[in-house]
Structure formats: C-alpha cells, structure tokens
Amino acid sequence: MLGRLNHVALAVPDLAAAAETYRATLGARVTAPQALPEHGVTVVFIELPNTKIELLEPLGDDSPIAAFLAKNPSGGMHHVCYEVDDILAARDHLKATGARVLGDGEPKIGAHGKPVLFLHPKDFMGTLVELEQVRAR
Ligand code: CO
C-alpha cells in the first residue's frame with residue numbers, strides 16, 4: 001500500500017531561523033515561505049535529492065500545530081507523509097484493520113494540492129502519519 005516517502009514535516013517556532021539553518025548550516029535548497037491560511041501554517045520546503053523536509057510554522061490563532069509546539073517549544077518532528085496510489089482504498093483498508101483515520105475520514109486537499117488523510121499517532125508508534133495520493137486516478 002505504501003509508496004515513496006513524500007516528506008517529513010518539522011514543526012518550528014521560527015520559520016525564518018529554521019530555513020536559514022537548513023540553507024546556511026546544512027547547505028540545503030530551501031523554497032520561499034508559503035502561507036497556507038486554510039491549513040493554519042506557513043511552510044517552507046527543503047528540497048533533497050530523494051525527498052522533502054517540510055518546515056511548518058503556526059499561522060493564525062487555531063493552528064493545528066500550536067499544541068505540538070506548546071509541548072515541544074524548540075520544535076520537533078511533526079509527521080511523516082507516505083505516498084499511496086489510491087487514497088480511498090488505503091483508507092478503507094486502514095479502517096478495516098481498526099486504525100483510526102483523523103477527522104471525518106474524507107481526504108482533504110493538502111499543502112501540495114493533493115488529497116491527504118492523517119492517521120492517529122497512537123496506532124503508529126507515536127508518529128502522526130499523513131497519506132497523500134500524488135497521482136490523479
Ligand atoms: Co505534510
């Protein structure tokens with residue numbers, strides 16, 4: 001069911017500082033910040049040869065990453081995103097195995113303009129998992 005690792009997302013308290021650390025200290029290619037008000041985050045992508053790192057900074061008062069940063073003030077790994085060929089088939093399989101799909105179980109359009117779902121961290125070794133259907137079906 002799982003395809004490629006699409007990205008690892010890090011929640012950060014200061015996006016400009018984090019992007020500069022990746023650019024200057026680690027020598028990575030870093031995209032310009034992109035505000036995504038509908039997701040409650042501003043995002044920067046670190047483009048690596050085989051995957052991406054997504055840096056997330058809260059945007060607005062009810063950001064979905066605010067509670068995470070309250071618990072992890074210096075930032076930390078927020079989620080991993082795996083690609084799937086068919087997100088509805090993946091969801092149905094996961095539900096049938098008893099895994100918890102967050103929200104109403106319907107895919108939402110994610111930060112890359114593709115349908116995504118999130119899976120409960122308690123079912124996946126304490127890690128929030130995002131599934132993304134990269135190609136249209
Ligand atoms: Co993500």
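Both ligands and their constituent atoms are indexed starting at 1 by order of listing.
- Looking only at its N/O/S atoms, Glu130 has OE1 as the one nearest to the Co ion (ligand 1).
- The two residues Arg23 and Glu20 come nearest to each other via the heavy atoms NH2-OE2, 2.7 Å.
- Between the Co ion (ligand 1) and the N, O or S atoms of His79, the shortest distance is to NE2.
- Residues Leu88 and Pro107 form a side-chain contact, since some pair of their non-hydrogen atoms from C-beta on lies under 4.5 Å apart.
- At a cut-off of 2.8 Å, His112 does not coordinate the Co ion (ligand 1) through any N, O or S atom.
- For the 3.5 Å distance criterion, the side chains of Glu130 and His7 qualify, holding a donor opposite an acceptor.
- Contact check on Lys52 versus Glu47 returns no salt bridge, with no Lys/Arg side-chain nitrogen under 4.0 Å from an Asp/Glu carboxylate oxygen.
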